[in-house]
**Q** 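My questions all concern the structure below.
Nothing fancy with the numbering, it's 1 onward along the sequence. For the numbers below, each heavy atom of this structure counts, side chains included, while hydrogens, waters and symmetry mates do not. Nothing here was measured: the structure is a model prediction, and the numbers come from that model.
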Amino acid sequence: MTVARRRRCAYLTMEDMSGFVTDADLSVPAMAALGWDVEFVPWRRPGVDWGRFELVYICTPWDYQADPAAFIGVLERIEASTALLVNPLALVRWNLDKTYLRELEAAGVKIVPSLWFDAWSTDALAVAREAFSTATVVVKPQLGANADHTYLVAPAREAGLLADMAASFRSRPYFVQPFIESIRTEGEYSLFYLDGAYSHAIRKTPRAGDFRSQEEHGADILAVEADEQLRAAAAAAMRCIEPAPVYARLDFVRGPGDAMLLMELELIEPSLYLRMDTASPARFARALDAAASASG
């Protein structure tokens with residue numbers, strides 16, 4: 001009797017996940033059913049022999065923005081080993097800086113309007129307000145995650161935020177967007193794609209008085225079925241991504257004229273909200289397994 005060989009997969013994570021919500025563990029039984037043994041490995045752990053894994057999934061390294069150079073260095077070592085890195089390093093590099101949104105916009109994808117700046121200036125707020133014909137804007141780092149260093153700036157609050165923004169963006173490129181009011185009422189939609197196909201969707205609504213859609217900041221999460229308009233908007237963005245990602249999360253908000261506008265395209269370490277769709281852990285496992293098979 002021949003016993004099938006078990007394969008080893010690393011889920012890249014953090015040393016300390018306290019304060020974060022994750023459900024990546026839901027995919028472990030589905031991976032096991034396909035012959036994979038999963039090990040959660042903190043990305044900052046020194047001396048890891050990545051070659052003992054056949055596949056490394058960038059799972060929950062949600063502190064990488066504090067040291068992106070070190071993070072990329074780890075991914076480079078993984079990709080230089082015999083392990084398959086998913087998503088691949090080329091996609092990670094492209095997705096690391098939010099200027100990818102400019103490329104998608106140039107390709108015809110509708111995004112939340114954005115202005116891009118390399119150095120802090122209070123004039124940026126006035127320029128953005130005039131360009132967007134709105135008093136309330138959002139200022140974000142071009143490289144960031146978890147809504148870190150993200151500011152909602154209304155005229156009444158501006159004076160109290162200027163010092164913090166000047167410190168945050170003194171040596172950090174940033175961009176400015178109009179605040180889309182529907183975020184507080186309708187919420188933000190996230191669509192998940194696995195192995196190039198639509199998997200499931202959620203709606204995230206910030207808690208009262210907030211504008212951030214992460215559940216760590218108190219947002220309400222609801223499973224939804226993406227309608228035809230959302231699916232079409234997501235498909236248009238997915239067609240622009242090369243190479244095709246193994247997994248992707250696309251965040252949309254409803255803008256003026258009922259248009260669905262892309263806020264973020266998450267290809268590095270998005271929470272996939274596997275708990276919101278009972279079939280999604282198995283879909284995700286099959287996507288990883290297919291990527292490993294395709295790599296030989």
Side-chain angles (χ1 to χ4, degrees), residues 5-32 34-98 100 141-150 167-168 170-173 214-216 243 245-249 264 266-272 274 281 284-285 287-289 291-296:
R5 182 177 66 88
R6 304 292 297 178
R7 293 169 290 176
R8 303 182 72 176
C9 174
Y11 278 22
L12 213 58
T13 185
M14 299 164 58
E15 289 284 2
D16 181 8
M17 286 295 296
S18 59
F20 291 93
V21 180
T22 177
D23 54 18
D25 59 298
L26 295 179
S27 66
V28 174
M31 290 289 286
L34 294 174
W36 290 91
D37 293 327
V38 172
E39 181 179 338
F40 287 80
V41 182
W43 73 271
R44 294 180 184 272
R45 179 178 294 173
V48 177
D49 176 12
W50 298 109
R52 66 188 180 91
F53 300 102
E54 292 183 55
L55 187 148
V56 178
Y57 157 51
I58 307 172
C59 182
T60 53
W62 290 337
D63 59 346
Y64 79 84
Q65 69 276 14
D67 196 347
F71 179 64
I72 290 296
V74 170
L75 299 189
E76 288 174 340
R77 290 192 289 276
I78 295 170
E79 192 149 275
S81 76
T82 56
L84 174 69
L85 178 68
V86 291
N87 281 318
L89 184 56
L91 276 182
V92 173
R93 290 188 187 279
W94 179 73
N95 196 228
L96 196 67
D97 192 307
K98 298 299 189 295
Y100 70 78
Q142 290 182 23
L143 194 159
N146 305 324
D148 294 348
H149 301 283
T150 296
S168 288
R170 183 172 292 114
S171 58
R172 180 185 287 118
Q214 293 85 359
E215 57 195 312
E216 287 83 5
V246 176
Y247 55 87
R249 191 185 86 206
E264 300 273 357
E266 301 283 4
L267 303 178
I268 302 175
E269 33 57 86
S271 175
L272 296 175
L274 301 178
F284 175 68
L288 290 187
D289 187 65
S293 298
S295 72

**Q** Roughly how far apart are Leu272 CG and Cys59 SG, rounded to 0.5 Å?
**A** 8.0 Å

**Q** Which pair of non-hydrogen atoms, one from Leu267 and one from Asn95, has the smallest distance, and what is that distance?
**A** N-OD1, 2.8 Å

**Q** Does the side chain of Glu269 come within less than 4.5 Å of Tyr57's, by heavy atoms?
**A** no

**Q** With a 3.5 Å distance limit and no angle check, can you tell me whether Arg44 reaches the backbone of Pro61 through a side-chain donor-acceptor pair?
**A** no

**Q** Which of parallel (below 30°), tilted (30 to 60°) and perpendicular (above 60°) describes Tyr11 and Phe284?
**A** perpendicular

**Q** Within the 4.5 Å heavy-atom criterion, are Arg52 and Glu39 side-chain neighbours or not?
**A** yes

**Q** Return each pair, listed once, that meets side chain to side chain donor-acceptor pair (under 3.5 Å) where at least one residue sits in residues 66-88; pairs must be two or more places apart or across chains.
**A** Glu76-Arg93

**Q** Taking atom CE of Met31 and atom CG of Leu55, what is their separation to the nearest 0.5 Å?
**A** 6.0 Å

**Q** Heavy atoms, side chains only, cut-off 4.5 Å: are Phe20 and Asp63 in contact?
**A** no

**Q** To the nearest 0.5 angstrom, please state how far the CH2 atom of Trp62 sits from the OG1 atom of Thr13.
**A** 8.0 Å

**Q** Please confirm whether the backbone N or O of Ile268 pairs with a side-chain atom of Tyr247, one donor and one acceptor, at under 3.5 Å?
**A** yes

**Q** Are Arg172 and Leu143 packed together at the side-chain level, in the sense that at least one heavy-atom pair is separated by less than 4.5 angstrom?
**A** no

**Q** Per the side chain to side chain contact (heavy atoms under 4.5 Å, CB included) rule, which among Ile78, Leu91, Val74 passes with Leu85?
**A** Ile78

**Q** Starting at CD of Glu54, measure out to CG of Leu288 and round the result to the nearest 0.5 Å.
**A** 12.5 Å

**Q** Under the rule for ring pair (Phe, Tyr, Trp, His ring centres under 6.0 Å), what residues qualify as partners of Phe71, not counting sequence neighbours?
**A** Trp43, Tyr64

**Q** Taking the side chain as everything from C-beta on, heavy atoms only, tell me whether Leu96 gets closer than 4.5 Å to Ile72.
**A** yes

**Q** Looking at every heavy atom in both Ala248 and Pro245, which two are closest together, and how far apart are they?
**A** CB-CG, 4.0 Å

**Q** Looking at Val48 and Phe53, what are the two nearest heavy atoms and their distance?
**A** CG1-CE1, 4.3 Å

**Q** Please determine which of Val246, Val92, Val86 meets the side chain to side chain contact (heavy atoms under 4.5 Å, CB included) test together with Ile58.
**A** Val92

**Q** For Ser168 versus His149, what's the shortest heavy-atom pair and its separation?
**A** OG-ND1, 2.9 Å

**Q** Which heavy atom in Ser295 sits nearest to a heavy atom in Ala292, and how many Å separate them?
**A** OG-O, 2.8 Å

**Q** Do the side chains of Ser271 and Arg249 get nearer than 4.5 Å, heavy atoms only?
**A** yes

**Q** Taking atom CH2 of Trp36 and atom CZ of Arg8, what is their separation to the nearest 0.5 Å?
**A** 11.5 Å

**Q** For Asp23 and Leu274, work out which heavy atoms get closest and say how close.
**A** OD2-N, 3.1 Å

**Q** Taking atom CG of Leu75 and atom CG of Leu89, what is their separation to the nearest 0.5 Å?
**A** 6.0 Å

